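All of these numbers come straight from a predicted model, not from anything done at the bench.
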Amino acid sequence: QVQLVESGGGLVQPGGSLRLSCAASGIIFNAYDMGWYRQAPGKQREFVAQITSGGSTIYADSVKGRFTISRDNAKNTVFLGMDDLKAEDTAIYYCRHFAGYWGQGTQVTVSS
């Protein structure tokens, strides 16, 4: 049974930081790209960041320089470090395994 379980979301003030985690089980992890996407209320799901199986990274322009994606293949986990958070970063954040699987999402709310 494939599972992608996100954690680390929460409420943070503007300018603050959070670190999201996504733990994968029941699936080969290290041979696949992993990604983070987000969906704000009333909007479509959008790409945030991707890390290839080889460790190369790609970011959406809106988060470049503030967010960092990384992976720990020994723990089958992908991370998203988020700094200098803004109100417009408020969304449900989803982990994606590029074999075709998604996590259930974790809420990030940026508000004073």
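Shown here are the salt bridge (charged side-chain N to carboxylate O under 4.0 Å, His left out) partners of Lys43, two or more places apart in sequence or in another chain: there are none. In this structure, the salt bridge (charged side-chain N to carboxylate O under 4.0 Å, His left out) partners of Asp84, at least two apart in sequence or on a different chain, are Lys86. Taking the salt bridge (charged side-chain N to carboxylate O under 4.0 Å, His left out) definition, one finds that Arg66 meets it with Asp89, sequence neighbours left out. Under the rule for a side chain to side chain contact (heavy atoms under 4.5 Å, CB included), the partners of Ser53 that lie at least two apart in sequence or sit in another chain are Asp33. In this view, Asp83 and Ser17 satisfy the side-chain hydrogen bond (donor to acceptor under 3.5 Å, both in side chains) rule, not counting sequence neighbours. By the side-chain hydrogen bond (donor to acceptor under 3.5 Å, both in side chains) test, Thr57 is found to be paired with no residue, residues two or more places apart in sequence or in another chain being considered. By the side chain to side chain contact (heavy atoms under 4.5 Å, CB included) test, Thr77 is found to be paired with Ser21, Ala23, Lys75, Phe79, residues two or more places apart in sequence or in another chain being considered. Qualifying side chain to side chain contact (heavy atoms under 4.5 Å, CB included) partners for Ser111, counting only residues two or more places apart in sequence or in other chains: Leu11, Thr109. Legend: residues meeting side chain to side chain contact (heavy atoms under 4.5 Å, CB included) with Asn30, ordered by chain and number and at least two apart, are Ile28, Asn73.
Residue pairs meeting the ring-ring contact (aromatic ring centres under 6.0 Å, His included) criterion with at least one partner in residues 6-62, sequence neighbours excluded, are Tyr32-His97, Tyr37-Phe47, Tyr37-Trp102. Sorted by first then second residue, the side chain to side chain donor-acceptor pair (under 3.5 Å) pairs that include residues 3-16, not counting sequence neighbours, are Glu6-Gln104. Judged as a salt bridge (charged side-chain N to carboxylate O under 4.0 Å, His left out), the pairs with a partner in residues 46-57 (not counting sequence neighbours) are, in order, Arg38-Glu46.
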Subject >> side-chain contact (heavy atoms from CB on, under 4.5 Å) evaluation trace for Cys95 with Val78 >> reply: CA-CA 8 Å; Cys95 170; Val78 62; 3.8 Å; yes
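With rounding to the nearest 0.5 Å, the separation of CE in Met34 from CG in Asn76 is 9.0 Å. Considering OH of Tyr93 and CG of Leu20, their distance stands at 7.5 Å, rounded to 0.5 Å. The CD1 atom of Ile92 sits 9.0 Å away from the OG1 atom of Thr106 when rounded to the nearest 0.5 Å.
The environment of CD in Glu88 is crowded: more than 12 heavy-atom neighbours from other residues, nucleotides or ligands sit within 6.0 Å.
Here the closest non-hydrogen pair linking Ser112 and Pro14 is N-CD, 3.7 Å.
Note that Arg96 lies outside the cation-pi zone of Tyr94, set by a 6.0 Å cut-off to the ring centre and a 45° limit from the axis.
Ile58 and Leu80 end up in different hydrophobic clusters when Ile, Leu, Val, Met, Phe, Trp and Tyr side chains are linked at under 4.5 Å.
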